[in-house]
Amino acid sequence: MNKKYDFHTIENKWRPYWQAIDLYKTGEDPQKPNYTILDYFPYPSGEGLSVGHCRNYVPSCIAARYKRMTGYNVLHPMGWDAFGLPAENYAIAHHIHPRESTAQFAANYKRQMQLVECSYDWSREINSTDPDYYRWTQWFFLLLFKRGLAYQAMSSQWWCDQCQTILANEQVEHGRCWRCDSPVSKRDLMQWHFKITAYADRLIADLDTVNWPERIKTMQRNWIGRSEGAEVLFTVETSDVPKTSDVYEIITFTTRPDTLFGVTFLALAPEHPLVGEIGTEAQRTATSAALSAGVANYIQSTRRLSEIERQSTERAKTGVFTGLYARHPFTDEPIPIWVADYVLPGYGSGAVMGVPAHDERDFAFAQTYNLRIVNVVNPDETGPDETACFTGYGRLVNSGPYTGMDSAAAITAITADLSAQGKGRPRVTYRLRDWLISRQRYWGAPIPIIHCSTCGPVAAPEADLPVRLPEMADFAPAGDGRSPLARVTDWVNTTCPQCGGAAQRETDTMDGFACSSWYFLRFASPHEAARPFDPEAAARWLPVDTYIGGAEHAVMHLLYARFWTKVMADAGLIDFVEPFSELKNQGMLHSAVDGQKMSKSKGNVVTPDEVIARHGTDALRLYVVFLGPFDADVIWDDVGIRGITRFLDRFWRLAHSGFDAKAQSGKESEEFERERHRVIKRVTADMEGYRFNTAVAALMEYLNYLHDHRDVPADQWQQALESFAILLAPFAPFITEEIWQTVWGHTDSIHRQNWPTYDEALTTAVTARLAVQINGKVRDHITIPTDMAEAEIRQLAVNQAQRYVNGRTPHNIIIVPGRLVNIVV
RNA sequence: GCCGAAGUGGCGGAACAGGCAGACGCGCACGACUCAAAAUCGUGUUCCUUCGGGAGUGUGGGUUCGAUUCCCACCUUCGGCACCA
C-alpha cells in the first residue's frame with residue numbers, strides 16, 4: 001500500500017544521515033578536477049533569511065550538487081561578514097554586545113541555511129569578527145601600508161550623522177548613507193585611505209579577462225571613469241600689490257584642449273585652496289573690498305547647502321566673481337576668475353576652464369552671469385550655431401594658429417604646445433577616488449598602526465597581531481568625530497615599536513569591506529594558523545570558478561576585492577590577478593503584496609521557515625528556481641507552489657505504484673528509451689546554463705510522459721525512474737534520497753551517484769513531423785522518415801497541400817530539415 | 001539628461017543559431033470518483049469568427065519565402081550614473 005508523502009518525516013530522517021556521512025565535505029580526490037562555487041559573504045542581520053535570499057543560495061547549492069555529481073571536487077563554503085554598522089547600531093539600541101548579537105544572527109542564518117539544506121561544507125565556516133580572522137585582515141592592511149598603498153590624509157569626506165562615522169564614496173547613494181539611508185554631510189578629518197586609484201587602469205583592463213555580466217563590467221568602468229585630457233595652467237594677475245607668493249597658478253583639467261581659445265572664464269570650486277588666498281589678495285585693493293565680501297558670503301551660503309541640494313542638476317548654477325583675472329596661456333588675454341559651486345572639489349584639480357560655447361554646464365553658467373561666449377569649434381557639415389552650445393568634435397575657428405584643424409589634430413597639437421611651453425601637460429583623471437577605510441566606530445577590525453611623535457605612523461609588529469578590539473561597556477560614539485576606542489586610554493597608550501618611546505594606537509577601525517576583500521582566500525584553508533592562507537590550497541581552489549550574488553555590489557565589494565587581489569599578486573602571494581573568474585547575478589525576489597523587496601519594516605516578508613513548514617524543503621527549493629529565470633526579478637506567489645507540490649506528490653506515487661505488472665507489454669520501447677535520453681540531454685544543458693526553471697519544466701514533462709507510458713518491461717521502467725530521480729536530486733534532495741534508498745533499496749546516497757549520461761544518436765526520432773506552409777502560413781503536417789530525400793518531401797508536401805495550392809504553380813519550395821516545408825506560390 | 005536591460009494569454013513564464021508562438025506551471029471551466037468536500041484522474045483554456053477562416057509576441061515601418069528573434073524610429077517599465085569639466 002502507498003505510504004503518504006510526509007516530507008517532515010523524510011527531512012528529519014535524512015538530515016542527520018547526511019551530516020553523519022559528511023556529504024558536503026569539500027572533495028579532496030586528487031584524480032578529480034576542483035571547482036569553487038561561492039556565494040557573496042553575507043552580513044547576518046537580525047531579520048534572518050527571507051525566501052528572497054533563497055534565490056541566491058538555492059541555485060548555488062543546486063549548481064554545487066550538480067558539479068559534485070559530474071565528477072568534481074567542490075568547494076562550496078559559507079561564512080559571516082559580521083563587522084559593521086547595523087550590528088553595532090542594533091547592539092547600542094538593545095543594550096547587548098555586538099559580539100553576542102552577531103553570534104545570534106549568524107547562528108540563525110546558519111540554522112535557516114541548513115533548513116533549506118544548502119550544501120555548504122560547514123567545517124570551513126569563518127567569521128570576520130573572529131580574532132583569528134581579523135588578525136589577517138590587519139596583516140593585509142600592513143601589507144598595503146608597507147607597499148605605500150595605505151596612507152593617512154586630511155580630507156573632507158562623507159559623514160553620516162546617524163551612524164556617526166565617515167563613509168567611502170561608494171557607500172553614499174543619492175546623498176544618503178547606504179546603510180541607514182539618512183542624509184550625509186561633509187566633514188574634515190584625518191583619514192586612512194587605500195590607494196585604489198593607483199590600480200585604476202588595471203582594474204579597467206582586466207575586466208576583459210573575466211566572465212562577468214556585461215552590465216556589471218560597464219558599471220565598474222563608469223565608476224572608475226577614466227578620462228584622458230590635459231592640465232592647463234593659468235597664471236593669476238595680481239596687479240601691482242605685493243604678493244604673498246610669487247605667482248598664483250590655477251591648474252585646470254580639460255578633456256577638450258581643442259576648445260582652449262574659447263575660454264571666457266575660470267571657475268573654482270568653493271573648497272579650492274586658492275579661493276581663500278585670492279580673497280585676501282582682492283581685499284588689498286580698495287576697489288574690490290565689496291567683491292571680497294561677496295566671495296566670503298558666497299562660500300558661507302554654499303556650506304549651508306546639503307550635499308543633495310548642492311549636487312542636484314535641477315538647481316540653477318550659482319557663482320560669484322572674485323574680481324581677479326588670470327592670463328590665457330596662449331593669448332595672454334585676461335580671464336575673469338569665478339567661484340562656482342558646480343565645480344567639484346574632488347575631481348581633477350577642482351578648477352575648470354569655462355568654455356561656454358562647447359560645454360553645457362559652462363554654457364548655462366555663462367548665460368546666468370552674462371559671460372562672453374566665444375565659438376571656436378564648428379560642426380563639420382553645418383555652419384556654427386550661435387544660439388546653443390555645440391559639444392561635439394568639429395573644425396577649429398578663431399583659434400590662432402590652430403584654426404582650420406579638426407578637433408582630434410588640435411587636441412594633440414595644443415596639448416604638445418602647452419607641454420613645450422610649460423603651461424600644461426597631458427593628464428588622465430579618474431572619477432574613482434581613493435578608498436577611504438577609516439571608520440570612527442567600535443565594531444570593526446582595529447587599524448594596526450601606532451602613532452609615535454618622533455617616528456610618525458608605524459606598523460604594529462606582525463608578532464603582535466591581532467591588535468584586539470578592547471572590551472568596552474559603552475561603545476556608543478560620543479559624537480565628537482572620534483572613535484569610541486579613543487576612550488580606552490590603557491589600550492590607546494603603548495610604546496613605539498621603532499624607538500620605544502611613548503606612542504598611541506590608531507583608534508579608527510577598518511571599513512567592513514576590508515574583511516570581505518580577501519575572505520575567499522581564507523576558505524581555501526580556513527584553519528591555517530601561521531598564515532592568512534596556505535598558498536597550495538589557494539592555488540588549488542582559486543580563483544573562484546563561479547561567484548554568485550546580486551548586482552548591488554557592482555562598485556563596492558567587487559571593486560575592492562579585485563584591488564586587494566592585484567596587490568596580493570604584486571606581492572607574490574598568489575599567481576592570479578582576478579579573484580572571480582565567473583560572476584553570476586541572481587534576480588531579486590519581490591513581494592506579491594507590494595511588489596517591493598522583502599523586508600521586515602515593510603511587513604512583506606515570507607520566510608523559508610514558514611514555507612518549509614507548510615510545503616517542505618524540496619518544494620521550496622524547486623519553487624524558488626521554477627518561478628523564473630535565474631537572473632530575472634520575479635514575484636513570490638504563495639499559490640503557485642501548488643504546482644510543485646503536485647509534481648512531488650505525483651513522483652512519490654509513481655515511484656510507489658507506477659509499476660503495474662499486468663500492464664507490462666514485456667516489449668522494450670525505443671521511444672521510451674529515447675525520451676529518457678532526451679530528458680537527460682535537456683536537463684544537463686540547462687544545468688550548465690543555469691536555466692534551472694526550464695530544467696524543472698523538462699523534468700515535469702518527463703514525469704508526465706512516464707505517467708502516460710507505463711507499459712514497458714520492469715527493467716526499463718526502473719531505469720527511467722532512476723534516471724529521473726538522479727536528475728531531480730540536486731533540486732529535491734530529500735524525496736529523491738527517500739525513494740532511492742527506502743523504496744528502491746539502494747544502500748548508498750543518491751547524492752553520490754554519477755550524473756546520468758545520454759547518447760546523442762538515441763535522442764533523435766526516426767520519423768519527423770513537418771509543418772507544411774503555404775506562403776509562410778501553416779496549413780498542414782506530414783510525417784516522414786528522417787532520412788527521406790528532399791525531392792520526395794517536396795512532392796509529398798505539394799500533394800498533401802493540394803487544396804491550398806489551388807492549382808497555382810509553386811515557384812519556390814523551402815525545406816528546413818526536421819522542421820517544415822514552405823511552398824511559395 | 002546619459003548608459004544598460006526588458007515589454008509574449010487572466011497570471012509566472014517557454015521558444016537551439018531567422019523556421020509550427022504560448023512548452024511547463026498557476027488560475028479558471030466542465031466531466032469522472034465521492035453522500036459531500038478535499039485530494040486525484042480526464043478534457044478544455046490567446047482573441048475574433050458567418051466554423052471557411054481571420055488577427056496576434058509594446059507601437060509604426062523595413063529586410064526575408066518566412067521575424068518574438070535581425071535593422072530603423074517611437075512608447076512604456078525597471079536598473080545604474082547623475083554638474084566628473
Side-chain angles (χ1 to χ4, degrees), chain A residues 4 173-175 213-219 221-223 225-227 229 232 252-256 259 267 269 310-315 317 340-344 346-355 358-362 364-365 391 429-433 551-552 554-555 588 592 595 622-623 626-629 631-644 646-647 649-650 653 682 685 689 691 693-704 707 769-781 810-825:
Chain A
K4 200 180 168 310
E173 294 163 347
H174 309 289
E214 215 38 61
R215 192 164 69 99
I216 302 292
K217 292 193 192 185
T218 306
M219 281 167 71
R221 286 192 196 100
N222 291 344
W223 187 262
R226 184 193 150 94
S227 23
V232 185
T252 61
F253 172 74
T254 180
T255 55
R256 294 294 303 274
T259 64
R310 167 92 185 263
Q311 293 212 348
S312 166
T313 48
E314 315 286 292
R315 201 173 60 88
K317 295 176 176 33
D341 64 359
Y342 78 95
V343 182
L344 301 176
Y347 185 76
S349 52
V352 170
M353 59 177 226
V355 185
H358 305 292
D359 181 281
E360 307 243 5
R361 296 149 303 185
D362 298 344
F365 189 74
T391 58
T429 60
Y430 301 92
R431 210 190 85 113
L432 180 72
R433 313 293 154 87
E552 70 274 11
V555 291
M588 289 219 293
L622 278 161
Y623 190 50
F626 185 66
L627 272 170
D631 55 0
D633 289 354
V634 289
I635 288 175
W636 178 267
D637 165 22
D638 280 318
V639 182
I641 198 168
R642 297 177 49 126
I644 297 293
R646 280 178 192 152
F647 168 66
D649 261 326
R650 194 179 239 220
R653 289 195 308 272
R682 281 177 69 183
R691 293 182 297 269
N693 57 328
T694 50
V696 175
L699 287 167
M700 286 174 165
E701 272 184 74
Y702 187 56
L703 191 68
N704 292 344
H707 191 265
R769 186 165 174 270
L770 304 190
V772 178
Q773 296 184 333
I774 308 295
N775 292 339
K777 283 195 194 304
V778 179
R779 295 300 183 186
D780 213 331
H781 289 91
H811 46 79
N812 197 6
I813 297 177
I814 289 134
I815 297 178
V816 182
R819 290 194 179 266
L820 57 78
V821 184
N822 188 14
I823 301 166
V824 187
V825 294

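- Taking 4.0 angstrom as the limit, A:T218 places none of its side-chain polar atoms (N or O) nearer than this to OP1 or OP2 of B:G80.
- Checked against B:G25, B:A85, B:A15, the side chain of A:M700 finds its nearest nucleotide in B:G25.
- The distance from atom CZ of A:R779 to atom CD1 of A:I823, rounded to the nearest 0.5 Å, is 11.5 Å.
- Residue A:T252 comes nearest to A:S349 through the heavy atom pair CA-OG, 3.7 Å, listed as atom of the first residue, atom of the second, then distance.
- Looking only at side-chain heavy atoms (C-beta outward), A:R650 and A:N704 come within less than 4.5 Å of each other.
- Taking a pair as Watson-Crick or G-U wobble with both distances under 3.5 Å, RNA chain B forms stems of 3 or more consecutive pairs at B:1-7 with B:75-81, B:10-12 with B:24-26, B:27-32 with B:40-45, B:46-48 with B:53-55, B:58-62 with B:70-74.
- Nearest heavy atoms, A:H358 versus A:T259: CB-CG2, 3.9 Å.
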What are the atom names and distances for every N/O pair under 3.5 Å that joins the protein to nucleotides 62-67 of chain B?
| unit_1 | atom_1 | unit_2 | atom_2 | d |
| --- | --- | --- | --- | --- |
| B:C65 | O2 | A:N822 | ND2 | 2.5 |

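- Distance CG/A:D362 to OG1/A:T391: 11.5 Å, rounded to 0.5 Å.
- Scored by the side-chain contact (heavy atoms from CB on, under 4.5 Å) test, A:V824 finds A:N775, A:H811, A:N812, A:I814, A:N822 as partners (sequence neighbours excluded).
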Please enumerate all protein N or O atoms sitting under 3.5 Å from an N or O of nucleotides 39-49 of chain B, with distances to 0.1 Å.
| unit_1 | atom_1 | unit_2 | atom_2 | d |
| --- | --- | --- | --- | --- |
| B:A39 | OP1 | A:R642 | NH2 | 3.2 |
| B:U40 | O3' | A:R653 | NH2 | 3.1 |
| B:C41 | OP1 | A:R650 | NE | 3.1 |
| B:C41 | OP1 | A:R650 | NH2 | 3.2 |
| B:C41 | OP1 | A:R653 | NH2 | 3.3 |

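- For the pair A:N693 and B:A14, the criterion of a side-chain N or O lying under 4.0 Å from OP1 or OP2 is met.
- Remark: A:Y342 engages A:F365 in a ring-ring contact (aromatic ring centres under 6.0 Å, His included) (not counting sequence neighbours).
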Please tabulate, one pair per line, each protein N/O and nucleotide N/O from nucleotides 53-55 of chain B that are separated by under 3.5 Å, including the distance.
| unit_1 | atom_1 | unit_2 | atom_2 | d |
| --- | --- | --- | --- | --- |
| B:G54 | OP2 | A:R779 | NH1 | 3.3 |

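- Residues meeting the side-chain contact (heavy atoms from CB on, under 4.5 Å) test with A:E552, sequence neighbours left out: A:Y40.
- With sequence neighbours excluded, the residues that form a side-chain contact (heavy atoms from CB on, under 4.5 Å) with A:A551 are A:R215, A:I216, A:N585.
- Applying the ring-ring contact (aromatic ring centres under 6.0 Å, His included) rule to A:Y623 yields the partners A:W636; only residues at least two apart in sequence or on another chain are considered.
- Nearest to the side chain of A:R215, among B:G80, B:G4, B:A15, sits B:G4.
- Listed by chain and number, the residues in a salt bridge (Lys or Arg N to Asp or Glu O under 4.0 Å) with A:R769 amount to none (sequence neighbours excluded).
- Residues forming a salt bridge (Lys or Arg N to Asp or Glu O under 4.0 Å) with A:R691 (at least two apart in sequence, or on another chain): A:D686.
- Comparing B:A85, B:A14, B:G12 by their closest approach to the side chain of A:T255 singles out B:A85.
- Checked against B:A23, B:A14, B:A85, the side chain of A:E701 finds its nearest nucleotide in B:A23.
- Remark: A:R226 engages A:D201, A:E228 in a salt bridge (Lys or Arg N to Asp or Glu O under 4.0 Å) (not counting sequence neighbours).
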